[in-house]
Asker: 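Supplied in structure tokens, the structure appears directly below.
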Amino acid sequence: MKQHRVLLVDDDASLLRLLSLRLRAEGYEVDTADCAEQALVKLDTYQPQLVITDLKMDDMDGMQLFEHIHQKQPTLPVILLTAHGSISGAVDATRRGLYSYLTKPFDSKDLLGEMSRALQYAPLDAEPNDAEPEQDIGWRARIITQSSKMAELLARAERVAHSEASVLIQGASGSGKELIAEAIHAASPRHAHPFVAINCAAIPDNLLESELFGHKKGAFTGADRNRIGLVESANGGTLFLDEAGDMPLEFQAKLLRFLEERRVRPVGSSETIAVDVRLVSATHVNLERAVEDGRFREDLYYRLNVVTLEVPALAERREDISLLAQYFLGHLLEQNPHCQARSLSPEALNRLISAPWPGNVRQLRNVMEQVCVLSSTAVISEQMVSNALRGKDERMQPLAEAQTAFEREYLMGVLRTTTGNVTNAAKLAKRNRTEFYKLLAKHKLDAALFRKAQ
């Protein structure tokens with residue numbers, strides 16, 4: 001059986017040697033790099049299946065190394081070793097694709113456990129002439145996409161699906177967070193059991209405990225019979241808490257107790273019931289800020305946020321707009337065969353692609369439903385799309401947002417012109433190299449990618 005390949009990165013030679021010996025003793029194939037620059041070279045030559053890097057290194061630190069790796073190989077798991085005072089930065093990096101982090105000093109058993117989980121579904125080398133096996137994508141069949149950002153998200157979702165870790169899905173309203181949660185459930189060992197979704201924002205505060213944990217007959221006015229809660233009904237499967245950031249503080253304490261004990265107590269009962277569920281939650285709220293403002297419990301935040309998945313807004317994956325529009329049109333025609341519309345004109349499609357989509361995929365479906373129902377011709381015109389969008393996307397872009405977008409596009413243009421030569425690019429921009437590198441870092445641009453593009 002072939003060994004998994006691990007790349008260790010640390011500028012402390014003694015620690016690098018000790019950790020290498022420990023991992024080789026556990027059966028891993030290990031290569032090392034004493035700086036981030038050397039690690040980037042070994043990505044292509046050694047082709048590791050996992051990277052473990054220290055945070056504090058000279059020149060390029062572990063966080064910058066992760067950013068470079070994530071741009072080149074977004075599905076390659078990276079584990080960061082960090083001091084206690086740098087945890088906030090590591091937590092933020094998990095939202096952008098970092099697999100996990102460990103704080104120093106750490107127990108080697110913890111590291112081996114993280115490695116095992118990260119590598120559990122990493123592919124070993126195939127023979128050069130072996131045909132690629134056909135992928136089973138049934139677990140995410142409802143997610144219509146051709147976006148590289150969504151491909152990265154789905155790769156992470158599939159990896160985490162096989163674990164029992166709690167998952168926090170973040171993203172704007174209407175971006176498809178529940179679909180991602182359903183896909184995680186479908187790819188998990190729990191797929192044969194219930195998937196129960198709860199919209200925490202849609203249930204009145206005084207009924208939330210009863211809805212989730214159930215109640216006994218006579219527990220309160222109107223409780224005329226025993227009722228099983230939604231948590232218990234998800235037993236063996238996945239419990240999805242949508243809009244978890246809108247939970248009242250009082251109920252957050254009760255949810256935390258359930259997550260710690262894995263037992264529920266129905267309202268009005270003195271007995272508890274054991275429940276086995278995998279928890280996936282979603283929110284459009286910035287929970288870190290909510291914790292700082294005292295609106296969300298910090299201990300519950302860390303319980304929910306073992307792994308974070310960030311769903312990109314529709315405006316960040318415009319290559320999906322045409323695909324989704326055609327999909328929605330076909331689906332709507334199946335439901336309403338008397339609709340006249342059969343296709344979108346090129347101008348109408350361009351109008352859809354260029355719209356800002358503050359309501360994301362949900363808004364796109366609403367627009368397609370409107371033009372499909374109202375169209376009196378086989379081809380949907382640009383004017384019909386504009387009418388459906390009017391009042392929803394006519395907004396002035398804030399100055400700061402426009403300046404940032406312009407600056408990034410300008411830097412990309414200069415890098416394309418100079419084929420990634422930073423010295424020449426800095427001269428064209430009339431900036432010194434140090435300042436130019438800072439601008440590239442600010443916008444997360446890698447000059448090497450523009451050299452490779454050539």
Side-chain angles (χ1 to χ4, degrees), residues 70 74-75 91-99 139-161 165-188 195 197-202 238-247 278-291 295-296 300-321 323-325 327-328 353 355-367 392-393 395 401 404-405 444:
H70 195 56
T75 59
V91 169
D92 182 60
T94 59
R95 293 198 190 91
R96 306 195 303 274
L98 183 74
Y99 180 79
W139 63 278
R140 50 99 164 175
R142 292 185 61 206
I143 300 173
I144 310 302
T145 183
Q146 56 188 1
S147 158
S148 59
K149 286 189 176 183
M150 287 296 290
E152 293 171 23
L153 171 66
L154 290 169
R156 292 197 74 210
E158 186 176 19
R159 283 203 303 271
V160 76
S166 296
V167 181
L168 177 63
I169 305 172
Q170 297 194 135
S173 294
S175 56
K177 298 187 290 295
E178 185 166 349
L179 281 180
I180 298 296
E182 289 176 355
I184 290 171
H185 173 71
S188 77
F195 173 85
I198 302 164
N199 188 329
C200 298
T238 301
L239 179 68
F240 175 55
L241 296 180
D242 197 9
E243 303 301 355
D246 293 326
M247 280 188 291
R278 197 277 181 78
L279 185 66
V280 179
S281 51
T283 181
H284 69 280
V285 173
N286 184 324
L287 287 188
E288 279 191 9
R289 188 171 300 162
V291 169
R295 292 180 288 111
F296 202 87
L300 178 59
Y301 170 68
Y302 286 113
R303 278 280 184 176
L304 300 181
N305 186 27
V306 176
V307 177
T308 303
L309 299 178
E310 191 80 37
V311 183
L314 184 58
E316 297 174 18
R317 49 183 178 111
R318 292 188 180 276
E319 61 268 47
D320 283 347
I321 292 174
L323 195 66
L324 285 165
Y327 170 78
F328 288 142
I353 292 170
W357 299 112
N360 291 290
V361 179
R362 185 183 294 134
Q363 183 191 356
L364 174 59
R365 192 192 190 289
N366 179 271
V367 166
K392 298 175 184 175
D393 71 331
R395 65 180 182 92
E401 187 179 311
T404 299
K444 296 183 174 64

Asker: Keeping Arg156 on the side-chain end and Thr308 on the backbone end, is there a donor-acceptor pair under 3.5 Å?
Answerer: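 Flag set: sc Arg156 to bb Thr308 pair under 3.5 Å.
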Asker: Once salt bridge (charged side-chain N to carboxylate O under 4.0 Å, His left out) is applied, do any residues pair with Arg365, and if so which ones, sequence neighbours excluded?
Answerer: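 Testing Arg365 for salt bridge (charged side-chain N to carboxylate O under 4.0 Å, His left out), a comparison that skips the adjacent residues, returns Glu369.
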Asker: Could you state the interatomic distance from CG (Leu241) to CG (Asn199), rounded to the nearest 0.5 Å?
Answerer: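 The distance works out to 10.0 Å.
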Asker: For the residue pair Ile184 and Leu309, establish whether any side-chain heavy-atom pair is separated by less than 4.5 Å.
Answerer: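 Yes, at least one pair of side-chain atoms sits under 4.5 Å.
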Asker: Leu324: which residues meet the side chain to side chain contact (heavy atoms under 4.5 Å, CB included) condition with it, sequence neighbours left out?
Answerer: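 For Leu324, the residues satisfying side chain to side chain contact (heavy atoms under 4.5 Å, CB included) (neighbours in sequence not counted) are Ile144, Leu314, Arg317, Asp320, Phe328, Val361, Leu364.
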Asker: Closer than 3.5 angstrom, by distance alone: can the side chain of Lys177 be matched with the main-chain N or O of Ser281 as a donor-acceptor pair?
Answerer: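 No, Lys177 side chain to Ser281 backbone: no donor-acceptor pair under 3.5 Å.
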Asker: If the condition is side chain to side chain contact (heavy atoms under 4.5 Å, CB included), which residues does Ala151 pass it with, not counting sequence neighbours?
Answerer: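 With neighbours one apart ignored, the set is empty.
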Asker: How about Asn305 and Leu287: do any of their side-chain heavy atoms sit closer than 4.5 Å?
Answerer: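 Not in contact.
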Asker: Of all heavy-atom pairs between Glu243 and Ser173, which one has the smallest distance, and what is that distance?
Answerer: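 Here Glu243 and Ser173 meet closest at OE2-OG, 4.2 Å.
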Asker: Please report the C-alpha distance between Val311 and His284 in whole Å, then the side-chain angles of each, then the deciding distance to 0.1 Å, and finally whether the side chain to side chain contact (heavy atoms under 4.5 Å, CB included) criterion is met.
Answerer: CA-CA 10 Å; Val311 183; His284 69 280; over 6 Å; no
Asker: Could you report the tightest heavy-atom contact between Ala187 and Ala161, atom names first, then the distance?
Answerer: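 Minimum heavy-atom contact is CB-CB, 3.7 Å.
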Asker: What is the distance from atom CZ of Arg140 to atom CD1 of Ile180, rounded to the nearest 0.5 Å?
Answerer: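 Result: 9.5 Å between the selected atoms.
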Asker: Can you list every salt bridge (Lys or Arg N to Asp or Glu O under 4.0 Å) pair that touches residues 142-155, not counting sequence neighbours?
Answerer: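 Residue pairs with at least one partner in residues 142-155: Arg142-Glu182, Lys149-Glu316.
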Asker: With heavy-atom distances below 4.5 Å as the criterion, would you say the side chains of Leu304 and Phe296 are in contact?
Answerer: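 Of all side-chain heavy-atom pairs linking Phe296 with Leu304, at least one is under 4.5 Å.
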Asker: Salt bridge (Lys or Arg N to Asp or Glu O under 4.0 Å): which pairs involve residues 355-364, sequence neighbours left out?
Answerer: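 Residue pairs with at least one partner in residues 355-364: there are none.
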Asker: Looking only at heavy atoms, which two atoms of Val306 and Ser166 are closest? And how far apart?
Answerer: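 So the minimum-distance heavy-atom pair works out to CB-O, 3.3 Å.
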Asker: Which residues pass the side chain to side chain contact (heavy atoms under 4.5 Å, CB included) test with Thr238, not counting sequence neighbours?
Answerer: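 Partners of Thr238 by the side chain to side chain contact (heavy atoms under 4.5 Å, CB included) criterion, ordered by chain and then number, come out as His185, Arg190, Phe195, Arg278, Val280.
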Asker: Would you say Leu153 and Glu310 make side-chain contact, with heavy atoms under 4.5 Å?
Answerer: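 They are not in side-chain contact.
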Asker: Of all the heavy-atom pairs spanning Arg318 and Pro356, show the shortest one and how long it is.
Answerer: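 For Arg318 and Pro356, the tightest heavy-atom pair comes out as NH2-CA, 3.9 Å.
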Asker: Mind checking whether Gln363 and Pro358 have side chains closer than 4.5 Å, heavy atoms only?
Answerer: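 Yes, side chains in contact.
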Asker: Which heavy-atom pair separates Gln170 from Val285 by the least distance, and what is that distance?
Answerer: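 Closest approach of Gln170 to Val285, heavy atoms only: OE1-O, 4.1 Å.
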Asker: So Tyr302 and Val291, do their side chains get closer than 4.5 Å, heavy atoms only?
Answerer: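 Counting from C-beta outward, Val291 and Tyr302 never come under 4.5 Å.
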Asker: At their closest point, which heavy atom of Ala172 faces which heavy atom of Asn360, and how far apart are they?
Answerer: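 Closest heavy-atom pair between Ala172 and Asn360: CB-ND2, 3.4 Å.
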Asker: List in chain and number order the residues that pass side chain to side chain contact (heavy atoms under 4.5 Å, CB included) with Ala186, two or more places apart in sequence or in another chain; answer none if no residue qualifies.
Answerer: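 In terms of side chain to side chain contact (heavy atoms under 4.5 Å, CB included), with neighbours along the sequence ignored, Ala186 is linked to Trp139.
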Asker: Report yes if some heavy atom in the side chain of Val307 is under 4.5 Å from a heavy atom in the side chain of Arg159; otherwise report no.
Answerer: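 They are not in contact (no side-chain heavy atoms under 4.5 Å apart), so the answer is no.
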Asker: For the residue pair Leu323 and Thr145, establish whether any side-chain heavy-atom pair is separated by less than 4.5 Å.
Answerer: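 No, their side chains stay 4.5 Å or more apart.
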